[in-house]
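One structure is given here, and the rest of the page talks about it.
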Number of protein chains: 2
Amino acid sequence: MTTPLAAFVKQRRKLLHLSQTDIAAKAGVGLRFVRELEQGKATLRLDKVNQVLRLFSHELAPAPLDRTQLIGALL
Amino acid sequence: MTTPLAAFVKQRRKLLHLSQTDIAAKAGVGLRFVRELEQGKATLRLDKVNQVLRLFSHELAPAPLDRTQLIGALL
DNA sequence: CCAAATTATACCCTTACAGGTATAATTTGG
DNA sequence: CCAAATTATACCTGTAAGGGTATAATTTGG
C-alpha cells in the first residue's frame, strides 16, 4: 500500500540523492521507521513523521480531504 | 502548549457545537485522545488523528513549513 | 554480468501510547 | 448565583510502535 505521505517522502528523498539510512540518521529516527513511513504504514507517530518531513522543510498539517491528492501531486 | 493542529480541531469542533465526548464517539477514538489532541500532544498516532480530522473532511498532509501557520489561519 | 549498495522482511525487547475510569477544575446557561 | 455539562488531570493496564540487529531480496552502476 502507498499513500500520499509515503510517496512524498520517497520522492523528496530521491530528489536529494539520499538513502533511507541517510534520512534516518539526519532525522534522528530509526531506519525501520523510515521504511515503514515510505511503505504507507498508518499507525506512525506524528512527531517522528515530522522529524523526517522537516528535512524537506515540511510538516504535517490538516488539509481538505478531496483536494489533497491533487495538491500533493503538484508540489 | 498549543499547535496549529490542536487549534484546528478545537475550532472546527466548536463550529459544529460538539463536545469532546461527541467527537470521540463519532471518530471512534478514546475521550482521552481527543483531549490530548486538542492540547497539542506531539506523540499522537497518525491514524487516530486522521480519524478525527475526517469528521471535518480533512486529513494530515505534508505542508511547507513556513507558510503553514498562515494558511492554517485562513481556512 | 556481477559485486556493492540499497531496500525489504523478520525477530526480540523496551517503552509509552491509548483506553478506561475516577475525580477535580472549569465553563455555561437557566 | 448555582447546578449541570464540559473539560482537565491522574492512575493503572494492555498492546503495539519504534529501535536494533540479522538476513534475504532488489536495485544500481562499473
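Note on naming: letters A, B, ... go to the chains in the order of the sequence lines (proteins, then strands), and numbering restarts at 1 for each one.
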Rounded to whole Å, how long is the line connecting atom [atom1] of [X] with atom [atom2] of [N]?
X: B/Leu18; N: D/dA5; atom1: CG; atom2: C1'; answer: 15 Å
X: A/Glu38; N: C/dA8; atom1: CD; atom2: P; answer: 7 Å
X: A/Leu46; N: D/dG18; atom1: CG; atom2: P; answer: 11 Å
X: B/Gln39; N: D/dT6; atom1: CD; atom2: P; answer: 17 Å
X: A/Arg13; N: D/dT27; atom1: CZ; atom2: C1'; answer: 12 Å
X: B/Glu36; N: D/dT7; atom1: CD; atom2: P; answer: 15 Å
X: B/Lys48; N: C/dA16; atom1: NZ; atom2: C1'; answer: 15 Å
X: A/Ile23; N: C/dA5; atom1: CD1; atom2: C1'; answer: 16 Å

Is there a side-chain contact between B/Leu60 and A/Leu46, using heavy atoms and a 4.5 Å cut-off? yes
Just so I know, are the side chains of B/Thr43 and B/Lys41 near enough to count as touching, which here means a heavy-atom distance under 4.5 Å? yes
Answer with base, sugar-phosphate or nothing: what part of the nucleic acid does A/Leu31 contact at a heavy-atom distance below 4.0 Å? nothing
To the side chain of [X], which of [options] is closest?
X: B/Phe33; options: C/dA18, C/dA8, D/dA17; value: C/dA18
X: B/Gln20; options: D/dG18, D/dA8, C/dT9; value: D/dA8
X: A/Ser19; options: D/dA17, D/dG19, C/dT7; value: C/dT7

At what distance, to the nearest 0.5 angstrom, does CD of A/Gln39 lie from OG1 of A/Thr3? 11.0 Å
With a 3.5 Å cut-off and just heavy-atom distances, do the side chain of B/Arg32 and the base of C/dG20 make a donor-acceptor pair? yes
D/dA17 base / A/Arg45 side chain donor-acceptor hit below 3.5 Å: no
For DNA chain C, the dot-bracket pattern of Watson-Crick and G-U pairs whose distances stay under 3.5 Å, | for other-strand partners: ||||||||||||||||||||||||||||||
Cluster check A/Leu53, A/Leu55: I/L/V/M/F/W/Y, side chain < 4.5 angstrom: yes
Between A/Arg35 and A/Gly30, who's closer to the 5' end of DNA chain D by nearest nucleotide? A/Gly30
I'd like to know if the side chain of B/Asp22 and the backbone of B/Ser19 have a donor-acceptor N/O pair within less than 3.5 Å. yes
Partner of A/Glu38 under side-chain hydrogen bond (donor to acceptor under 3.5 Å, both in side chains), picked from A/Lys10, A/Arg13, A/Gln11, is A/Arg13
Parallel, tilted or perpendicular: rings of B/His58 and B/Phe8 (30°, 60°): tilted
